[in-house]
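Notes for the one structure printed next.
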Amino acid sequence: MAAQNSTTYYQSLLAPSSLLILATLLAFLYVAYLRALPKPLAGIPYNEDSAKRIWGDMPIFREMEKAGIRPRLFWSQLAQRLQSPVTQFFMGPFYKPMVVLADWREAQDLLLRRSKNLERGTINNSIWSPVAPEHFISMNSSDPRYKSARDLGRDLMTPTFLNTVSAPEIYDKTSKFIELWDFKARVAEGRPFEAAEDLNFLTNDIILAAALGLDDSLSDTTQQLAGLRAKAMPKPPCSSDACFPFPVMQGSEALWTSKTLTEGVGRSATQPSPRLYHFFNNLTPQVRKAYKAKDKILRTAINGAAQRVEKGEINVRNAVDLMVSREITAARKAGQSPELNSLRMHDQLFGYILGGQDTSHSVLTFLVKWLGARQNEQKALRDNLRSMHSTACNAGRPPTTEEIIKTQVPYLDAFIEEVIRMSAPIIVVTTVATADMILLGHFIPKDTVIWSLISGPTTTEPGFKIPEAERSESSQKHNEGIADWADSAYAPDEFHPERWLKKRDETGEMSFDSKAGPFLGFSSGPRACWGKRLAYLELRIVITLLTWNFEFLPLPDEMNGFEAYDLLLAKPKSCFVRLKSNLKD
Ligand code: HEM
């Protein structure tokens with residue numbers, strides 16, 4: 001009976017109608033497979049093997065990860081392997097090919113002068129929008145909300161606001177940090193110690209103070225120092241090269257909140273679907289707790305500022321003061337009540353904190369490593385600072401905020417530019433072509449995602465020789481200066497702040513030349529870094545005070561590596577300092 005049943009079953013499978021269904025299914029699957037395979041753009045080099053699989057280049061990213069190589073080096077390696085400034089890669093099934101542009105001059109031209117044919121695009125937006133949907137960072141420029149979202153933060157990056165409001169806060173928080181490292185330098189007695197978390201405390205203090213105002217009792221640096229002073233310090237290790245094991249103190253809720261949410265944005269950036277990643281990540285208890293904490297922190301700051309405005313006590317000391325008083329004034333004029341705790345307001349403030357914290361932390365962690373690794377350049381930096389701030393030097397004190405703002409120290413600017421060039425916190429920016437275009441002689445159809453490299457060929461590695469006629473018209477019109485550091489006196493992969501200096505006149509005096517050669521550290525064009533001025537101001541103040549007060553002594557070889565890892569931004573895998581304090585007892 002059973003045998004008869006199974007025969008009937010197989011017979012029914014072989015029936016003409018079942019065979020037809022099976023054949024249709026197989027044909028459907030085959031067509032779906034063919035459709036899912038990458039469809040390379042004509043004439044643009046790509047990995048041949050990747051074009052034969054539906055997952056395209058994705059397995060290469062995973063292999064790099066497994067081998068301990070930064071996946072974000074994929075794009076410059078692709079350009080080098082295929083020996084072309086324009087290449088394409090495949091993100092997986094049904095994705096259109098994406099184009100990689102690995103030439104500084106053309107990338108700058110595209111972002112700056114051809115931006116009317118570009119949009120930020122869904123890759124960027126889907127990384128940011130689940131965390132800050134009403135911040136302009138997660139919007140296309142053509143989004144009807146974009147202009148008003150951007151207007152909300154206008155004035156925060158004006159020289160007046162930066163110099164009179166942000167700078168004193170940065171100076172104050174950095175001075176507290178100097179006290180912390182002075183304490184550590186003395187206790188460690190010339191031994192190295194871990195610096196990354198301390199710098200997290202500093203950059204978080206600075207951005208919170210600039211954004212919301214930060215009482216000393218809430219400063220992570222102050223808390224850390226008070227905690228260390230109250231504790232018995234561990235016995236120093238015998239070897240003077242061993243790391244001094246300072247107890248690790250827990251950071252504040254605000255720091256934890258911004259770290260947790262930044263991590264989510266960073267991790268989403270490496271997922272095939274950032275939105276899907278955020279959807280599940282936002283459901284986890286940790287992340288839900290972080291959103292609640294963020295809401296509480298912002299509400300407290302906004303309501304505090306609103307009360308001061310209502311009482312007529314406002315004396316603008318940070319971003320929230322300015323934004324709240326402007327909203328209240330505008331609402332009064334319109335005869336409406338102000339919407340202070342709107343998502344728009346919260347996102348704008350939180351975007352300021354997220355945008356400003358991790359970026360500065362990334363640069364400072366690399367910077368302290370360069371100071372230790374390059375003793376001659378460190379000495380040149382200190383000598384330049386002392387000679388340009390001669391009044392402060394003669395008075396035996398550090399320069400004041402005002403002196404730092406007003407005094408041009410070309411070597412300091414050159415040092416900062418060189419650290420950002422070499423460390424490239426952000427390696428690549430993505431945009432979408434909103435019209436068909438030609439890129440270095442290649443046809444790029446509308447809607448193609450273009451990845452412009454900030455680091456790699458021409459900027460930190462030798463680039464490709466490109467016939468002038470292949471460049472865009474606007475690029476040809478702006479053919480000034482060095483377009484590939486390989487054509488300069490300084491190799492592209494070496495650290496030389498001097499590359500950014502030029503003789504001002506016959507006296508031989510030097511000036512900083514930001515156009516000396518390839519640099520896209522803050523991107524370019526209408527969607528370049530919004531916080532660039534604040535970033536430079538912060539870096540100038542922090543580096544001046546650190547270099548003035550400490551000598552960064554050389555580290556043992558095993559602590560000196562510059563290998564990096566990426567989350568939202570690039571950070572060094574290890575970050576130690578060995579300090580000699582110049583502060584008097
Ligand atoms: C040295 C530190 C910094 C570096 C190297 C840096 C770099 C960049 C880069 C390369 C972009 C373009 C990203 C893209 O298109 O995908 C960008 C955008 C942005 N940055 Fe920065 N940044 C720094 C500091 C800051 C600070 C301090 C703030 C704010 C307080 C900030 C806020 C922003 C915002 C809001 C955007 C998005 C602009 C837009 O969508 O139009 N950044 N930054």
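Nothing fancy with the numbering, it's 1 onward along the sequence. Each ligand, and each atom within it, is numbered from 1 in the order the structure gives.
- Per-residue contacts place L534 under 4.0 angstrom from the following atoms of ligand 1 (heavy atoms of the residue considered): 30 (C).
- Close approach to R150 involves these atoms of ligand 1, each under 4.0 Å from a residue heavy atom: 41 (O).
- Below 4.0 Å from some heavy atom of N124 lie the following atoms of ligand 1, by number and element: 16 (O).
- Taking every heavy atom of Y352 and a limit of under 4.0 angstrom, the matching atoms of ligand 1 come to 29 (C), 30 (C).
- At most 12 heavy atoms of other shown residues, nucleotides or ligands fall within 6.0 angstrom of atom CD in E402.
- Residue R120 has at least one nitrogen or oxygen atom sitting less than 3.5 Å from a nitrogen or oxygen atom of ligand 1, judged on distance alone.
- Ring planes of F562 and F366: parallel class, angle under 30° (limits at 30 and 60°).
- For G521, the closest heavy-atom approach to ligand 1 falls below 4.0 Å.
- For W370 and F552, the distance between ring centers is not under 6.0 angstrom.
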Could you go through residues 516-525 and list every donor-acceptor pair under 3.5 Å that involves a side-chain atom there, pairing it with any protein atom two or more places apart or in another chain?
none

Quick one: side chains of residues 351-360, donor-acceptor pairs under 3.5 Å with protein atoms, not counting sequence neighbours, listed by atom name and distance.
| unit_1 | atom_1 | unit_2 | atom_2 | d |
| --- | --- | --- | --- | --- |
| Q357 | NE2 | N200 | O | 3.4 |
| Q357 | NE2 | N200 | OD1 | 2.9 |
| Q357 | NE2 | T203 | OG1 | 2.8 |
| D358 | OD1 | K571 | NZ | 2.8 |
| T359 | OG1 | G355 | O | 2.7 |
| T359 | OG1 | G356 | O | 3.4 |
| S360 | OG | G356 | O | 2.9 |
| S360 | OG | E538 | OE1 | 3.4 |

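- Residue-environment remark: CZ (R317) stays at or below the threshold of 12 foreign heavy atoms within 6.0 Å.
- The 12-atom threshold is not exceeded at CZ of F279, counting heavy atoms of other residues, nucleotides or ligands nearer than 6.0 Å.
- When non-hydrogen atoms are compared, ligand 1 lies under 4.0 Å from the side chain of H135 (C-beta onward) but not from its backbone.
- Nearby protein atoms of type N, O or S around atom 21 (Fe) of ligand 1 amount to 1 (distance under 2.8 Å).
- Take F61 and apply the ring-ring contact (aromatic ring centres under 6.0 Å, His included) test, not counting sequence neighbours, and it matches F74, W75.
- In A528, the part holding a heavy atom less than 4.0 Å from any atom of ligand 1 is the backbone.
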